[in-house]
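Okay, structure first, notes after.
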Amino acid sequence: MMAVLFTEKELDEVFDQIAATIDLSIEGFLIGGLAMIKNDIKSSTKDIDIVFSDEESAREFVEAAQKVGFILDEELPPEYEEMKTMVVLKDAEDRRIDVFVKTVLHGLTYSESMKARAKTIKYGDKLTIHISSIEDIFLYKSITS
């Protein structure tokens, strides 16, 4: 089955739904397709790449995403282990959320300077999303396949 792509409107709806079901205040950092959409580089994406600073925040996000219909994707190619993906979620249309904790691939960490360059969006009261700058998106894209 061919994956359906997320548009910006659909991505915002997903984050609104997730924000409505989380219990803890958490923040995530977008590094892939959604960050490119929010920076007007592209119009749709098949997945969301999101980095959390700690496992507790990542688990809270994953549990909330599961409450709104995402399921764990157990059939992942080997490169996901190499990228240090904590978990991959997918929805009924096979759109994915790739969840990372602290580090992506060979030790690239979302740094304080990256955070300072990012734009911030609040979804509800408890979900803060930092949108990587164009420079940082390309840094992450340059180290992944």
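Since we're looking at a predicted model, the values are computed, not measured.
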Stepwise side-chain contact (heavy atoms from CB on, under 4.5 Å) test for D98 and R96: CA-CA 6 Å; D98 301 347; R96 294 191 334 264; 3.4 Å; yes
Candidate pair I22 and F61, rule side-chain contact (heavy atoms from CB on, under 4.5 Å), full reasoning: CA-CA 7 Å; I22 61 174; F61 181 86; 5.7 Å; no
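The pair K126-E60 does not meet the salt-bridge criterion, since no charged nitrogen lies less than 4.0 angstrom from a carboxylate oxygen.
Sorted by first and then second residue, the pairs that involve residues 13-22 and meet side chain to side chain donor-acceptor pair (under 3.5 Å), not counting sequence neighbours, are K9-E13. Applying the salt bridge (charged side-chain N to carboxylate O under 4.0 Å, His left out) test to residues at least two apart or on different chains, the pairs with a partner in residues 19-33 are E27-K115.
Side chain of T45 to backbone of F6: no donor-acceptor contact under 3.5 angstrom is found. No donor-acceptor distance shorter than 3.5 angstrom exists from the side chain of D91 to the backbone of G69, with no hydrogens or angles considered.
Pairing each heavy atom of H130 with each of F29, the nearest pair is CD2-CE2, 3.1 Å. Closest of all the heavy-atom pairs between D125 and K122 is O-NZ, 3.2 Å. Scanning all heavy atoms of the two residues, the minimum distance from A35 to S132 falls at CB-N, 4.2 Å.
Every salt bridge (Lys or Arg N to Asp or Glu O under 4.0 Å) that E8 has, sequence neighbours left out, goes to K38. For S133, the side-chain hydrogen bond (donor to acceptor under 3.5 Å, both in side chains) partners are E135, D136, not counting sequence neighbours. Listed by chain and residue number, nothing satisfies the salt bridge (Lys or Arg N to Asp or Glu O under 4.0 Å) test with E56 (two or more places apart in sequence, or in another chain). Applying the side-chain hydrogen bond (donor to acceptor under 3.5 Å, both in side chains) rule to S43 yields no partners; only residues at least two apart in sequence or on another chain are considered.
Residues I129 and I50 have side chains in contact (heavy-atom distance under 4.5 Å, counting atoms from C-beta outward). A heavy-atom distance below 4.5 Å is found between the side chains of L127 and I26.
With rounding to the nearest 0.5 Å, the separation of NZ in K90 from CD in E74 is 9.0 Å. Going from atom CG of L5 over to atom NZ of K46 covers 9.0 Å, rounded to the nearest 0.5 Å. Here the straight-line distance linking atom CG of L89 with atom CG of D73 works out to 8.5 Å at 0.5 Å rounding. Expressed to the nearest 0.5 Å, how far CD of E63 lies from CD1 of I18 amounts to 12.5 Å. Between T7 atom OG1 and L11 atom CG the span is 6.5 Å, to the nearest 0.5 Å.
One hydrophobic cluster, built from ILVMFWY side chains closer than 4.5 Å, holds both V99 and L72. Under the 4.5 Å side-chain contact rule for hydrophobic residues, L30 and I121 share a cluster. Linking ILVMFWY side-chain heavy atoms closer than 4.5 Å, directly or via other members, places V101 and L24 in a single hydrophobic cluster.
The aromatic rings of F15 and Y123 are tilted relative to each other, their planes meeting at an angle between 30° and 60°.
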